[in-house]
Participant: 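Attaching a single structure in C-alpha cells format; questions to follow.
Side chains included, hydrogens not; waters and symmetry mates left out as well; all remaining heavy atoms used. Bear in mind the structure is a predicted one, so any value in this text is a computation, not a measurement.
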Amino acid sequence: MKKVLLAVVGTVVLAAAALVYTVAARPSPAEPAKVEHLSLAPGQLFFRSTKTGNVGVVPLANPGAAPKFSDLKCDRFAVSGTTGMCLAVRPGTLPAVSDFSVLDRNLNTTHKDYLPGTPSRARVSPDGKRVYWTLFVTGDSYAATGFSTRAGVYQLDNGELEKTIEELPVLVDGKRYFSSDVNYWGITFAKDGKRFFSTLGSKGKTYLIEGDYDTYRGKALRENVECPSLSPDETRIAFKKKVGEGVWRLSVLDLKTMRETALAETRSVDDQALWQDDHTILYGLENAVWSVPADGSGAPRKLVDEAASPAVTS
C-alpha cells in the first residue's frame, strides 16, 4: 500500500538521520588489523564497528578489553541465544536495497533475503525464532520526496516473510484506527514469541502498540513512545521519549503502573535501546556504545569506542 509521508517533524528527523547514516557515516573500506572467527558464546558484547562496518566483540564483563572482529559486515546487528541477524544495505543501490541474513551460533548464514530501504533497527526475538527490523524507505509516499518506515518479521521455523506489518489492525482509544499515513518502527517481542510491542506513527503522534502476532491484533497503550525495548522480565519498556524537535530522552515505562522513569542519560538518544539485563540499558550514541542503569540512578558509562548497534549473549 502506498503511504503518505508522516506529518511530523520527528519523521523528517528520522529521514535526515537515514541520509546521514547512508552517506556521511558509511564506513571506510579499511579492514580491522586482524579478522577472527567469532561465535555466539555467552557473556559477550557484540557491536558494529563504525570505522569499518565489521562485527566486533568484547567480553561483557570487561568491555575495555581489546575487541575481536569478524569478517561479517553489517549496518545493524542483533543476537538472541544462538540466532544472529545482519542487516546491510547494498552499496550503490538507488532506491536503497538491504540484505538481511539469519546467522547460526558460528555466524554462518542460514538464510538470506532482501528488503527495500535503508537499515534502521534490527532485533531477534528472545526465543530465537523470529528476526525483525525497521528500514527507511523512499518512494513510498504520495509526496514527491519523503521517507516512511517499514517494519517486518521473518519466521525461522516456517520461512514466512512479512515485509511490513502496516496492515496490523489496531485500536486507538478503543476504536479501530484507520489512516493512510500509518508507519510502524521499533518492534520488540516477548519470550513467548507472540506478544510484541512497536511504535505506530500517524498524524503527528506516536503510540506504543501492544500486539499479539498469532491473532494479528494490536492496541495503543500510550502516546509519545518510540523504539520500545521489552525488559527480560517483561515488566518494563525502555524507549525514547520526544522532549523537543529532534530531541529524545531515554526513559523506562512500567507496564503495570504506566509510570515513566527518565534515565540518567540526558543527551538526545536516537536509538532502540537494548537491555543488557533487568538492570542495565545499552545504546549507541556519539560513535560509541554506552550503558546506563534502568532505574534512573547512576550515570552513563562508555563501554566501547567507534561502535554502534550493541547486542549481548547470555
Side-chain angles (χ1 to χ4, degrees), residues 38 40-50 55-68 76-85 121-128 132 186-191 196-197 199 208 225-241 243 248-314:
L38 307 182
L40 300 182
Q44 299 186 99
L45 169 58
F46 285 85
F47 60 91
R48 172 190 177 271
S49 167
T50 55
V55 171
V57 67
V58 292
L60 196 54
N62 182 23
K68 298 179 180 179
R76 283 284 174 176
F77 181 74
V79 300
S80 184
T82 58
T83 302
M85 179 191 182
R121 314 291 185 223
R123 283 289 189 268
V124 180
S125 62
D127 61 9
Y132 34 100
I187 303 173
T188 181
F189 268 90
K191 294 176 183 177
F196 71 95
F197 299 84
T199 298
L208 173 65
V225 173
E226 296 184 56
C227 295
S229 180
L230 185 62
S231 63
D233 64 10
E234 302 189 349
T235 65
R236 292 157 293 164
I237 291 282
F239 67 100
K240 61 175 195 175
K241 179 179 181 178
V243 295
W248 294 272
R249 181 74 183 270
L250 275 183
S251 301
V252 168
L253 176 68
D254 186 300
L255 289 171
K256 183 177 181 180
T257 65
M258 287 292 150
R259 178 183 176 184
E260 291 181 10
T261 300
L263 302 188
E265 176 56 83
T266 59
R267 295 169 294 179
S268 179
V269 176
D270 183 12
D271 196 12
Q272 185 174 15
L274 176 78
W275 292 81
Q276 174 182 317
D277 49 42
D278 282 322
H279 311 289
T280 309
I281 303 293
L282 304 182
Y283 53 98
L285 179 67
E286 297 180 353
N287 202 34
V289 168
W290 298 74
S291 70
V292 70
D295 61 1
S297 66
R301 176 191 175 201
K302 185 186 289 188
L303 301 182
V304 187
D305 266 318
E306 295 184 335
S309 195
V312 297
T313 52
S314 57

Participant: Any salt bridge between Lys240 and Asp270, counting N to O under 4.0 Å?
Facilitator: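 Judged by the 4.0 Å cut-off on N to carboxylate O distance, Lys240 and Asp270 do form a salt bridge.
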Participant: With a sphere of 6.0 Å drawn around CZ of Arg301, does it hold more than 12 non-hydrogen atoms of other residues, nucleotides or ligands?
Facilitator: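 Incorrect, the count does not exceed 12.
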Participant: If I compare all heavy atoms of Arg267 with all of Pro300, which pair ends up nearest, and what's the gap?
Facilitator: NH2-CB, 4.3 Å
Participant: Are side-chain heavy atoms of Val269 and Leu263 found at a separation under 4.5 Å?
Facilitator: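 Contact flag for Val269/Leu263 side chains = no.
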Participant: Nearest 0.5 Å, what's the CD1-CZ distance between Ile187 and Phe197?
Facilitator: 13.0 Å
Participant: Which heavy atom of Pro293 sits nearest to which heavy atom of Ala299, and what is that distance?
Facilitator: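 That would be CD-O, 4.0 Å.
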Participant: Might you work through the side chain to side chain contact (heavy atoms under 4.5 Å, CB included) test for Phe46 and Leu40, ending with a clear yes or no?
Facilitator: CA-CA 9 Å; Phe46 285 85; Leu40 300 182; 3.7 Å; yes
Participant: Is there a side chain to side chain donor-acceptor pair (under 3.5 Å) between Trp290 and Glu265 once you walk through the steps?
Facilitator: CA-CA 9 Å; Trp290 298 74; Glu265 176 56 83; 5.9 Å; no
Participant: Look at the side chain of Ser231 and the backbone N and O of Arg236, then say whether any donor-acceptor pair between them is shorter than 3.5 Å.
Facilitator: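 Side chain of Ser231 to backbone of Arg236: a pair is present.
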Participant: Please find the pair of heavy atoms, one from Pro59 and one from Ala65, that lie closest to each other, and give the distance.
Facilitator: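 That would be CD-CB, 3.9 Å.
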Participant: With a 4.5 Å cut-off on side-chain heavy atoms, are Leu60 and Leu45 touching?
Facilitator: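 Yes, at least one pair of side-chain atoms sits under 4.5 Å.
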Participant: Any sub-3.5 Å donor-acceptor pair from Ser80's side-chain atoms to Gly128's backbone N or O?
Facilitator: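 No; judged by distance alone, with no hydrogens or angles, the pair does not exist.
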Participant: Looking at Trp275 and Ala238, what are the two nearest heavy atoms and their distance?
Facilitator: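 The pair with the smallest heavy-atom distance is NE1-CB, 3.5 Å.
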Participant: Are any of the side-chain heavy atoms of Ser268 and Trp248 separated by less than 4.5 Å?
Facilitator: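 Contact flag for Ser268/Trp248 side chains = yes.
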Participant: Is any side-chain heavy atom of Glu234 closer than 4.5 Å to a side-chain heavy atom of Leu255?
Facilitator: no
Participant: Distance from Arg249 atom CZ to Glu260 atom CD, nearest 0.5 Å?
Facilitator: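 Here the interatomic distance stands at 11.0 Å.
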Participant: Kindly say whether Phe77 contributes a backbone atom to a donor-acceptor pair with the side chain of Ser309 at under 3.5 angstrom?
Facilitator: yes
Participant: To the nearest 0.5 Å, how far apart are CG in Leu274 and CD in Gln272?
Facilitator: 8.5 Å
Participant: Taking Arg76 first and then Asp271, would you say they form a salt bridge - that is, a charged N and a carboxylate O separated by under 4.0 Å?
Facilitator: yes
Participant: Quick check for you: to the nearest 0.5 Å, what is the distance between Asp127 atom CG and Lys191 atom NZ?
Facilitator: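 Asp127 CG to Lys191 NZ: 11.0 Å, rounded to 0.5 Å.
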Participant: Check Thr188 against Leu230 and note the closest heavy-atom contact, atom names and distance.
Facilitator: OG1-N, 3.1 Å
Participant: After noting the C-alpha distance and the side-chain angles of Val58 and Leu303, does the key distance pass the side chain to side chain contact (heavy atoms under 4.5 Å, CB included) rule?
Facilitator: CA-CA 10 Å; Val58 292; Leu303 301 182; over 6 Å; no
Participant: Nearest 0.5 Å, what's the NZ-CG distance between Lys302 and Asn287?
Facilitator: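 Nearest 0.5 Å value for the NZ-CG distance: 8.5 Å.
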Participant: At their closest point, which heavy atom of Pro228 faces which heavy atom of Leu208, and how far apart are they?
Facilitator: CB-CD1, 3.8 Å
Participant: Pro310 versus Tyr283: any side-chain heavy-atom pair under 4.5 Å?
Facilitator: no
Participant: Rounded to the nearest 0.5 Å, what's the gap from OG on Ser229 to CZ on Arg121? Could you check?
Facilitator: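 It is 11.0 Å, given to the nearest 0.5 Å.
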